[in-house]
Amino acid sequence: MMQKGTAEAADKAKYYDYLEVQPLPNYSQLLEGQLVSGPAHLKDIIGKIVQIGHDLDKPVVATGDPHYLDDHDAIYRHILINSQGGANPLNRYPLPDVHFRTTDEMLHEFAWMGADTARELVVTNTHVVADWVDADITPVKDKLYTPEIPGVNENFEKDVMVTAHQWYGEELPEIVANRIDKELKSIIGNGFAVIYNIAQRLVLKSNKDGYLVGSRGSVGSSLAATLSGITEVNPLPPHYRCPECQYSEFYTKGEYGSGFDLPDKKCPQCGAELIKDGHDIPFETFLGFHGDKVPDIDLNFSGDYQPVAHNYIKILFGEDHAFRAGTIGTVADKTAYGYVKAYERDTGKVFRGAEEDRLAKGATGVKRTTGQHPAGILIVPSNMDIFDFSPIQYPADDQSAAWRTTHFDFHSIHDNILKMDVLGHDDRR
Ligand SMILES: [Zn+2]
């Protein structure tokens, strides 16, 4: 006959696929509280969990709950936990010993249960659970997955060509035709047309709503971006072009740094005032020397309009396919040094200067907060799920936030999922 508490625990255990127990030192803080009266009581509880597992035919697994690699790294965790203040329940002494234990160490920790049980918990059952997991899981993908929009390649090419002919005539100058050909081959060949298309739609909508859009960053080196209306920067060499008869005249030998430097001139064919254009930026700046770098298109919207632009992406792709890029804030070196000083003050310990530096170094770079990128929106293809790329969360756990963010820092999935930088700037100044 089970005791009441054990029966209740057994009932709850039915929900789980396997049960976990940890080495006795991991529970050191429980012994300080009211719930567990001492080491004998703790062993009794662990013994009952193992028994429940046997009764329910669920594997019981010994886990180490490691928080750092080696024993001697414990001091860094103590310093970091101390920095969070006494309100944190973790911050109660004695802090448990939670280094990464080897199999031998784990067997040793469970030897009090008898060698057979120790082996079952530490070796046999860990393999049972590991075998449940598909062997080919990779936390981060190795390819770029862009959203698919039907007909996007053809439509993009058409948009580019229509403007090209409007500006440079029915028969395109060789320099223009070559540049377009090179860019389209690379953009369409790598599946990047969809990125341009999204940028096009955002710019179009903002302009229609009465807000001009600036672009910055490398997008200015793409003629296809110019011709499709994403940017006003024309990366061709300095040149004149006629708005009336499409006459053009290029300067390819470095005579002028930019089209803006050209003197005013009238069209030799029809007498209209010529447009001066061209900033001579190679396409390689944008897509890398092999034309395969994932393009970074930064669009700069009016600060007032930025939330609208963000929301428009959500409307285009759906609530479950657009997420804010998550960021991870880490402990900076100066902050870590402050933590070490506070630890010395709070514990009455005194370290030498070199030791303070060493401890500060060890606590630097640890995750401190999560946040969201101010502008980056990640777009998940319609046939995929955000969880193919990253877990998600609300920024700083605020469930009322308008946007969910990726849990992974976006830098770590930058090459797998499309990110649009939709910036806002204060243009009222
Ligand atoms: Zn003309």
Side-chain angles (χ1 to χ4, degrees), residues 156-157 159-169 171-188 190 192-193 195-197 199-200 202-204 206-207 211-268 272-302 375 420-423 425 427:
F156 181 66
E157 182 165 356
D159 290 348
V160 168
M161 295 315 291
V162 164
T163 314
H165 289 302
Q166 275 171 9
W167 289 5
Y168 299 103
E171 183 145 352
L172 296 179
E174 201 183 327
I175 191 167
V176 178
N178 287 348
R179 176 76 175 237
I180 292 176
D181 189 52
K182 176 180 177 180
E183 288 199 19
L184 286 181
K185 262 197 191 115
S186 149
I187 294 165
I188 292 173
N190 287 296
F192 298 152
I195 302 176
Y196 279 75
N197 180 272
Q200 257 184 306
L202 284 168
V203 171
L204 199 70
S206 184
N207 288 340
Y211 291 87
L212 291 177
V213 184
S215 59
R216 66 179 204 197
S218 47
V219 65
S221 59
S222 167
L223 180 61
T226 321
L227 296 174
S228 62
I230 298 170
T231 175
E232 291 181 352
V233 179
N234 186 323
L236 288 169
H239 62 279
Y240 292 106
R241 59 183 171 87
C242 176
E244 298 298 330
C245 74
Q246 288 81 46
Y247 164 85
S248 64
E249 192 178 325
F250 283 83
Y251 294 87
T252 57
K253 296 187 178 68
E255 300 97 321
Y256 296 95
S258 149
F260 294 159
D261 300 334
L262 294 168
D264 290 345
K265 191 173 164 177
K266 297 240 185 312
C267 177
E273 189 68 34
L274 290 170
I275 294 171
K276 304 178 284 178
D277 210 348
H279 302 284
D280 205 8
I281 311 164
F283 184 50
E284 283 73 11
T285 319
F286 187 47
L287 281 180
F289 285 96
H290 304 289
D292 57 357
K293 211 176 86 195
V294 181
D296 247 338
I297 299 185
D298 294 351
L299 298 175
N300 215 342
F301 290 85
S302 155
M420 295 292 299
D421 273 334
V422 179
L423 300 121
H425 65 110
D427 47 11

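Predicted, not measured: the structure shown is a model, and the values here were computed from it.
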J.: What closest approach, in Å, do Q200 and F156 show between heavy atoms, and which atom pair accounts for it?
T.: OE1-CD1, 3.8 Å
J.: Hey, are the side chains of I187 and F283 touching, using non-hydrogen atoms and a 4.5 Å cut-off?
T.: yes
J.: Quick test of your reading: applying salt bridge (Lys or Arg N to Asp or Glu O under 4.0 Å), list the pairs with at least one residue in residues 172-183, sequence neighbours left out, ordered by first then second residue.
T.: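 Salt bridge (Lys or Arg N to Asp or Glu O under 4.0 Å) check on residues 172-183 returns R179-E183, D181-K185, K182-E284.
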J.: Ignoring hydrogens, what is the shortest heavy-atom contact between A224 and V160? Give both atom names and the distance.
T.: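 Residues A224 and V160, closest heavy atoms: O-CG2, 3.9 Å.
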J.: Could you tell me whether the side chain of L227 reaches within less than 4.5 Å of the side chain of W167, counting heavy atoms only?
T.: yes
J.: When you measure from the side chain of S206 to the backbone N and O of Y211, does any donor-acceptor pair fall under 3.5 Å?
T.: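 Checking the backbone N and O of Y211 against the side chain of S206, a donor-acceptor pair under 3.5 Å is found.
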J.: What's the spacing between E273 CD and Y240 OH if we round to 0.5 Å?
T.: 9.5 Å
J.: Quick check: do D159 and Y196 have side-chain heavy atoms less than 4.5 Å from each other?
T.: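 No - every pair of side-chain heavy atoms lies 4.5 Å or more apart.
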J.: With a 4.5 Å heavy-atom cut-off, do V422 and F301 have their side chains touching?
T.: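 Touching, per the 4.5 Å side-chain cut-off.
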J.: Looking at OG of S248 and CD1 of I275, how far apart are the two atoms once the value is rounded to the nearest 0.5 Å?
T.: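 S248 OG to I275 CD1: 11.5 Å, rounded to 0.5 Å.
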J.: What's the spacing between D298 CG and I230 CD1 if we round to 0.5 Å?
T.: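 D298 atom CG to I230 atom CD1 measures 12.0 Å (nearest 0.5 Å).
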J.: Listed by chain and number, what are the side chain to side chain donor-acceptor pair (under 3.5 Å) partners of E157, not counting sequence neighbours?
T.: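 E157 satisfies side chain to side chain donor-acceptor pair (under 3.5 Å) with no other residue.
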J.: Minimum heavy-atom separation for P235 to S222, with atom names?
T.: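 Looking at all heavy atoms of both residues, the shortest contact is CG-C, 3.7 Å.
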J.: Before accepting this row, confirm whether a basic side-chain N of the pair K276/D261 lies closer than 4.0 Å to the acidic partner's carboxylate O.
T.: no
J.: Please report the interatomic distance OH(Y251) to CG(L236), rounded to the nearest 0.5 Å.
T.: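 Separation between the atoms: 15.0 Å.
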J.: N190 side chain to F192 main-chain N or O, any donor-acceptor pair under 3.5 Å?
T.: no
J.: For A164 and I180, work out which heavy atoms get closest and say how close.
T.: CB-CD1, 3.6 Å
J.: Less than 4.5 Å apart, side chain to side chain, heavy atoms only: is that true for V213 and N300?
T.: no
J.: Under a 4.5 Å cut-off applied to non-hydrogen side-chain atoms, are P238 and D280 in contact?
T.: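 Side chain of P238 against side chain of D280, heavy atoms only: contact under 4.5 Å found.
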J.: Would you list the pairs meeting salt bridge (Lys or Arg N to Asp or Glu O under 4.0 Å) in which at least one residue belongs to residues 223-250, sequence neighbours left out?
T.: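 Checked against salt bridge (Lys or Arg N to Asp or Glu O under 4.0 Å) - neighbours excluded - the pairs reaching residues 223-250 are R241-D277, E249-K265.
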J.: Can you name the nearest heavy-atom pair linking H239 to L262, along with the distance?
T.: O-CD1, 3.5 Å
J.: When you look at L423 and L299, which way does the side-chain contact (heavy atoms from CB on, under 4.5 Å) test go after all the steps?
T.: CA-CA 6 Å; L423 300 121; L299 298 175; over 6 Å; no
J.: Roughly how far, to the nearest 0.5 Å, is CG of L223 from CG of N178?
T.: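 Answer rounded to 0.5 Å: 11.5 Å.
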J.: Check S221 against P282 and note the closest heavy-atom contact, atom names and distance.
T.: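 Between these two residues, the closest heavy atoms are CB-O, 3.4 Å.
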